[in-house]
Amino acid sequence: MKRLSFSFLAIAILSFIIVHSCSSEEDDTIAPNEVQTPEPEPPAPTQYSLTVTSGEGGTVSTEGGVYDEGTEVTITATPSEGYRFTGWEGNDSTSESLTITLNSNQTFQALFELILPFQFEYNLHSSLDDFAFYKDSISSVFLRLSEMMPIETYYDGNNEINGVAVYSWLAGGSKPYVSIIGDTDQCICGVINNKLVMSLQLQEGDFNEGANFKYALLAHEFFHVYQIYLSKGFDQGVFWLIEGQAATVESLYLKEFINDSGYIMNFLNKNYTSFDEGIQNVESYESYNGFNSVIGQYGDITIFMNLSLAKILQEQGNSEKESFKIIFEDYWKTDPNDSNWKIKFEEVFGISTSDFYQRLNEFKTNPENLVPEISLSEIFEKE
Ligand SMILES: [Zn+2]
């Protein structure tokens, strides 16, 4: 027993020396038994290849390579000028950035397509021939607005929309385009042959001296096209947002280009509009259902609402230009729909709709103070 103990101790001491001597030359972490009986080296990790290419019209951030199993690689597609990214062959994602975990050999191709110019096509009826100056001005007004608010072809979920088919005529006789566009007056009314239909019905009275509505109408309907483009087709029908903004744009257009700065007061005049009652019934401005009777009772407070929103955004620290860009562009880019628009509203504007509706009371006494100082061109001027 004693002898055994001694031997054990001797072995222990010997081991210590071996360990100690090993430690001085090699890694501390190697245990003595491993030194004595080394195990075979662990197998090299499995590797997979990633192959990334780009179709015509763009580039990718990497061509890929060979990676250890489980490696995450992010690849990004960038369209060339005049092209847009449409998706990936090899993956269902529609995001330009894709993060891949290599668990097999994988191949991706970024796909791009040529952006076709968004075109306005004109069907201007001979009933407008007495007002040739106006007929001619329609395309130049839309050209001017297109420079401020560039529109590209887009996919609305059902159709590729590559332009607007404009139909305009003088009311009086039977509607000349009814067999093509239906019984319409003034609207963006559906899609025919991949173009939005814009219906511009005018009245004799629109051509009286000083009657500027005929130009306001062009800016108004153009802005609807812009809203629809930014949201890739309207999925929501919030009356006060859609129409109040278009009315704001038409007012700013007349002020800047037709020298009619008083036009906006048609919408902000307390003699015409019952702001108190309008605010008390503000939710009836959320839908197109019965909006005519709502406006008949309380007046059109939709501009007032959008201009109040612009003031609130300025209180939050945004410039006047930024505030209108948030209203006219950022909100629509969220592609709001009828079920989520209040959530999108709060995300974009930093205030809930109910709080916003309450705050309208702060602006109702002097709605004329809401008239923007900034011009339409300045709002959309590129930085
Ligand atoms: Zn409208």
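Just follow the structure's listing: the first ligand is 1, and inside any ligand the first atom is 1.
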Fill in the blank from the handout: The residue among Phe304, Phe356, Phe291 that forms ring pair (Phe, Tyr, Trp, His ring centres under 6.0 Å) with Trp240 is Phe356
Exercise for the section: Give a yes or no on whether the ring-centroid distance for Tyr253 and Tyr215 is below 6.0 angstrom. Expected result: no
Handout entry: Shortest-distance N/O/S atom, Glu243 versus the Zn ion (ligand 1)
Key = OE1
Problem - Centroid-centroid distance, Tyr134 to Phe207, less than 6.0 Å - result: yes
Completion exercise
So the angle subtended at the Zn ion (ligand 1) by His220 atom NE2 and His224 atom NE2, rounded to 10 degrees, is 90°
Practice task
Measure from the ring center of Phe328 to the ring center of Tyr226 and say whether it is less than 6.0 Å.
Solution key: no
Handout entry: N, O or S from Cys187 under 2.8 Å to the Zn ion (ligand 1)
Key = no
